[in-house]
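Here's the structure, in structure tokens; my notes come after.
For the numbers below, each heavy atom of this structure counts, side chains included, while hydrogens, waters and symmetry mates do not. None of the values given here were measured: they were computed from a predicted structure.
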Amino acid sequence: MSWFLSLPLIIPFLTAIAAYLLRHSASGKWVSVAGSALGLVASIALMAIVLDKGVVAAQMGQWAAPFGITLVADLLSAVMVLITAITGFAVAIYAMGDVTEAQERLGYHGLFQVLLAGVTGAFLTGDLFNLYVWFEVMLIASFGLLVLMGGKEQLDGGVKYVALNLISTIFFLTGIGLLYGLTGTLNFADLALKVEEIENQGLLTVVAMMFMVAFGVKAAVFPLFFWLPAAYHTPSFSVSAIFAGLLTKVGVYALIRCFTLVFDHDIAFTHTILLWVACLTMVVGVLGAAAQSDFRKILSFHIISQIGYMILGLALMTPLAIVGAVFYLVHHIIVKANLFLIAGVAKRLTGGTEVYQIGGLYKYAPFLGVLFLVPAFSLAGFPPLSGFWAKYIIVKATLDIEMWFVAFIALAVGLMTIYSMTKIWAEAFWKNHPDGIEPRMEKLSNKWAQLLPIAGLAVLTVFIGMNPEPFVQFAERSAAQLLDPSDYITAVLGDAQ
Amino acid sequence: MEQLLSLLIGVLVAASVYLMLARNLLRFLFGLILLSNAANLTIFVAGRLTPGAPPLIPDGVDAPVSEVANALPQALVLTAIVIGFGLFAFALVLAFRAYQSLGTLHTDEMRVAEPKEQK
Amino acid sequence: MNSVILRAGARLLALLLVIFSIYMLLRGHNAPGGGFIGGLIAATGFVVFAIACGTEDARRALRFDPGSIAGAGLGIALLAGIIAAIFGDNFFTGQWLFINETEDDKGIPLSTVLVFDIGVYLVVLGAVLSITFALEESV
């Protein structure tokens, strides 16, 4: 039983080692694809178990919780692990057509798998300190990927990314120290019980704010997002796709986990701050995107604005809002990773990412145009795609508690998103290329490796959009678990608590 | 002792903030290292300072015999130091490479990835 | 740095440090020491060697690429955790083997914990050396 929780971690690590040792041979990328496929199978198995049995926990080394290292999977963790594996698999295939041999020799596939392991570990861990450790695993791998074979641009973006993320790490660490001093434990389940007994609730709120800042930097919320648009448009496209899909969402996941399970003592204070942060994040992100003209920079700013919706769901803290946040999280990872993958193909075909300097994609590669419209419309929230339901649930949650102004912002930001997507569509796809280049699909060296993952993720987006009922039901069950953590606590600590 | 260490943490944080506000990337990194040391000390102090023996259990006994120091914060700090060591080694190499390639460590001039608007 | 004394001394010092690092690695389970510290000490040995004789010689003395050493170490550490599956225990549960065990003496205890520590030793050695060699070569 417990091995089903460990396997999604063991597989990427073993794959990483194999891919790294084989980095000089051509088989490295196949190892990476095969390992990602195995990881996908393992995470499907985990998902099946969690759906069947509810929250499951495993104690590493058989040291009893709360003293040992615990891996826990509730529905939210399981779905995040699954979606990580899906995105990882798609990007691993895409990387076969995107990554250069020089990057492979420096260990691209190894680092990529370590990144997947770090993200998965962060979703599965049951205590705060190991969350920190997995964050670091993830960070060090992402640092490596960002500057691999880096030119000036990558180094410049990398410096800012590294510097701001290290600050957030230190905030996180200090928060851990103070929380341990207050409660004497770092296990999530144990914390959930112990924080209620603390006399000094004021100090607890201070610690909660430290975590909010630490995770806020990772999640790129206002006003802590500046590292993201500085770095995400610089690395190779497969790297920026996996970054855009997963890394910020780990921050959002950590926020959801901590602010539903541990820091729910003073919702009036902490979640009001989150509400303001969410609104400002949405607005600033979408305005930032409107000012950009680079394909990936536009998308980077849209990550920020979409993060706002998820945080909004958490901030409202009603059952429906949490449902929306979970649904949004899953939908967004698929859509955003896909858009970055498309940006990569567009660059290959047209020779640039500056939308005013490229064009002609619709005329010569209409299939790519269709593939772009699916995630782009989904991002903007057009029915019947996945983004529509995500936005619908969030907006409905705000209307239910009569927060008209917040609902207005959420809708207005959706409209602004359409503006940016239209800009990309009109300039890169609709208009002719200013230099007269004909961006034909034949230019891709490994056409199917690049197009299959894009098509697969697009099909997934359409499928969720056409068939939202089971997904919403799933999100409802997941939200119920988040709002009533007794199952989680029992699974980790046993009935003895 | 707690008060003394708390003061030390305060001094370290103040010094590191001063360093991090500098426009030189190297100074910023030094500030970051100081700050991470302050965080490590915070964990250490938060675990309560007890004058006890090392937390080792002698042969044939199930629990420590005398009062022992709390081992967990030490383990946490050790892990944090190790991870911090790796991250800063990477960050220093990165700063060095950036200096070689960009020719400056002045953060205002590092605008390759985000160039100024051309009017 | 090209002095005869340093070069002659560095070889000896590197040898001593590597031996000492193995001692630190093995005593680590019940006394201060362990894989991390051992790995650092061994890395120091090779760094001293690299400073005196150049990284090319140091790489040759190491025989394997430092990156691959780190990768192999990670693999060994993982294997130490996976072995527990054979005995039906959770991931990373320590498995023990006592050689020459008698009534009042446990004999020589061998464990997967030690295997894990050896993995850590190799990871640290490889990671530190790949960074320092890369830096030395680019200066």
Residue part contacting chain A, namely of [X], when any heavy atom lies under 4.5 Å:
X: F44(B); value: neither
X: R48(B); value: side chain
X: I83(B); value: side chain
X: L25(B); value: side chain

*Please work out which of the three classes, parallel, tilted or perpendicular, describes the rings of F301(A) and F225(A), given edges at 30° and 60°.*
perpendicular

*Classify the ring geometry between W227(A) and Y232(A) as parallel (under 30°), tilted (30 to 60°) or perpendicular (over 60°).*
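Rings of W227(A) and Y232(A): perpendicular, as their planes differ by over 60°.
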
*asked:* When you measure from the centre of the six-membered ring of F237(A), is the NZ or CZ of R296(A) closer than 6.0 Å and no more than 45° off the axis?
replied: yes

Check whether [X] gets within reach of chain B through its side chain, its backbone, both or neither, counting any heavy atom under 4.5 Å.
X: F67(A); result: neither
X: L186(A); result: side chain
X: A163(A); result: both
X: V159(A); result: both

*Criterion salt bridge (Lys or Arg N to Asp or Glu O under 4.0 Å) on K152(A) and D156(A), from CA distance to verdict*: CA-CA 6 Å; K152(A) 285 183 179 180; D156(A) 188 26; over 6 Å; no

_Pair Y108(A)-S236(A), side-chain donor/acceptor within less than 3.5 Å_ = no

*Do you see a donor-acceptor pair shorter than 3.5 Å between the side chains of H302(A) and S420(A)?*
yes

_Residue among L173(A), V147(A), V137(A) with most heavy-atom pairs under 4.5 Å to chain B_ =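 Most heavy-atom pairs under 4.5 Å with chain B: L173(A).
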
*asked:* Heavy-atom pairs under 4.5 Å with chain B - which of I176(A), L166(A), T169(A) has more of them than the others?
replied: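 With the most close heavy-atom pairs to chain B, the winner is L166(A).
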
*asked:* For F172(A), run the ring-ring contact (aromatic ring centres under 6.0 Å, His included) check against F211(A), W134(A), F129(A) and tell me which one passes.
replied: F211(A)

*Identify the residue among V206(A), I198(A), L191(A) that makes a side-chain contact (heavy atoms from CB on, under 4.5 Å) with L182(A).*
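Exactly one candidate clears the test, I198(A).
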
*So which of T42(B), N40(B), L87(B) has the largest heavy-atom pair count under 4.5 angstrom toward chain A?*
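Ranked by heavy-atom pairs under 4.5 Å with chain A, first place is L87(B).
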
